[in-house]
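The block underneath contains the structure these notes are about, expressed in structure tokens.
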Amino acid sequence: MDRFSLEGRVALVTGAGRGIGFSFAKGLAEAGATVVVNDIRAEAAEEASSAIAAAGGKSDALAFDVTDNATAAKAVDTLVERHGRLDILMNNAGILIRKPVETHDMDDWQRVIDINLSSLYGVARECARHMRKQKYGRIINTGSVMSVSSRPGVISYVAAKHGVVGLTRGLAAELGPDGITVNAIGPGYILTDMNKHVLGSDFEQQVIDRTPLARWADPHELQGAAIFLASDAASFVTGHVLMVDGGMTSNALLVPTADLGLAS
Ligand code: NAP
Ligand code: GCO
């Protein structure tokens, strides 16, 4: 089982002060990695790092805005100065704006594209500078079921998350010869703050009806996919989008799962 061990590896997880990013950070730490927690808020990054250390993990905190590429570049260099190497990048930070096209203005669009897509390229470029020197790297981008499907009301998010697939495949093609794999994880509907405004509404049940596993997921259920893609077990996996969605995107969505439409 050593193939799944991350002992000796150093990982940067963006947007890891809470939610899915914090879960990714905990999972990588439990697998043995030294995990550097990023968040835009220093106190969030420090608290998350302390929680990982309190659980016996090796952690550090680096607060920066992933959309500020100059700051991100300096932060990545600081990380390598502190820890000697950088093996794993989890490009996870992201936001969501729920508005119909009529009111989903260009400021909304740019903000979501900047955080959910452009910053992933910027931070990956800075990490790849160091990964190339060691001829080893794992870049894992956080996509979504909205990377391969859509729904009304989240147009900028759908476009950005579809872009994450292209970014993943393009970086995989270009960085592969340097021993760097690039993959994406496509979560389904996860119980985090991003969804606190829709939980308790009809939408919550609509998700359940259209998910073969008939439930929302907890963030910890994404950790296995992250550990796999970050580990030696995935040494020949690159350019891949690993959906962790309870079967939602393999489901035609024609009828609610409970219905089954079996009446003859
Ligand atoms: P979340 O609970 O809202 O957490 C987002 C995290 O990203 C927060 O820690 C936030 O920091 C941080 N962040 C936001 N903007 C940032 C920036 N400019 N620089 C650095 N950090 C920044 O969201 P989540 O549900 O964990 O989602 C995490 C990722 O998973 C996102 O890419 C999201 O699109 C994706 N995803 C989520 C779901 C889901 O159902 N929840 C499903 C599929 C994909 P603050 O705490 O300081 O705001
Ligand atoms: C929404 C949800 C989704 C999830 C996730 C699904 O309003 O539809 O917030 O966008 O966040 O991206 O995979």
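Because the structure is predicted, anything quoted here is derived from the model rather than measured. Numbering of ligands and ligand atoms starts at 1, following listing order. The analysis underlying the following values was restricted to heavy atoms, covering all of them including side chains, and did not include hydrogens, waters or symmetry mates.
- Checked for salt-bridge contact, K58 and E7 meet the test: a charged N lies under 4.0 Å from a carboxylate O.
- Looking at ligand 1, you'll find an N or O of Y157 within less than 3.5 Å of one of its N or O atoms.
- Nearest residue to atom 10 (C) of ligand 1 from I40, T192, D39 is D39 (criterion: closest heavy atom).
- Of the options R98, M146, R151, the smallest heavy-atom separation from atom 8 (O) of ligand 2 is shown by R151.
- Ligand 1 is never approached by W216 to a heavy-atom distance shorter than 4.0 Å.
- At a heavy-atom cutoff of 4.0 Å, ligand 2 is contacted by both the backbone and the side chain of V145.
- For P219, the closest heavy-atom approach to ligand 1 does not fall below 4.0 Å.
- Crowding of R169 atom CZ: a count of heavy atoms from other residues, nucleotides or ligands under 6.0 Å not exceeding 12.
- Of the N or O atoms in T142, none lie within a sub-3.5 Å distance of an N or O in ligand 1.
- The residue V198 has no part lying near ligand 2, judged by heavy-atom distances below 4.0 Å.
- Compare G15, A160, A63 by their heavy atoms: the one nearest to atom 6 (C) of ligand 1 is in G15.
- Note: no N/O pair closer than 3.5 Å links N116 and ligand 1 by distance alone.
- Backbone and side-chain nitrogen or oxygen atoms of A44 are examined, and none is located within less than 3.5 angstrom of a nitrogen or oxygen of ligand 1.
- Other residues sharing a hydrophobic cluster with L62 under the 4.5 Å side-chain heavy-atom criterion for ILVMFWY residues are V10, L12, V36, F64, V66, V76, L79, V80, L86, L89, L117, L120, Y121, V123, M131, I139, V164, L167, L171, L175, I180, V182.
- For the 3.5 Å distance criterion, the side chains of T238 and T181 fail to qualify, holding no donor opposite an acceptor.
- Polar contact with ligand 1: present for I190 (N/O pair, distance under 3.5 Å).
- Pairs passing the side-chain hydrogen bond (donor to acceptor under 3.5 Å, both in side chains) check and including a residue from residues 156-168, sequence neighbours excluded, read H104-S156, N141-T168.
- Ligand 1 has K161 within reach: a non-hydrogen atom of the residue lies less than 4.0 Å from it.
- Within the cation-pi definition used here (under 6.0 Å to the ring centroid, within 45° of the axis), R210 does not qualify as a partner of Y189.
- We find that D77 and R129 are joined by a salt bridge, their nearest charged nitrogen and carboxylate oxygen being less than 4.0 Å apart.
- Summary of contacts: the protein heavy atom closest to atom 10 (O) of ligand 2 is Y157 CE2, 3.5 Å.
- In summary, the atoms of ligand 1 found under 4.0 Å from a heavy atom of G19, numbered by their order in the structure, are 26 (O).
- Remark: distances from the non-hydrogen atoms of A217 to ligand 1 are all 4.0 Å or more.
- When only interatomic distances are considered, the shortest N/O to N/O separation between Y189 and ligand 1 does not fall below 3.5 Å.
- Evaluated for a side chain to side chain contact (heavy atoms under 4.5 Å, CB included) with R138, the options L6, N183, D232 yield exactly one hit, D232.
- Of all protein heavy atoms, the one closest to atom 11 (O) of ligand 2 is M194 SD, 3.4 Å.
- Residue T14 places no heavy atom under 4.0 Å from ligand 1.
- When only interatomic distances are considered, the shortest N/O to N/O separation between F203 and ligand 2 does not fall below 3.5 Å.
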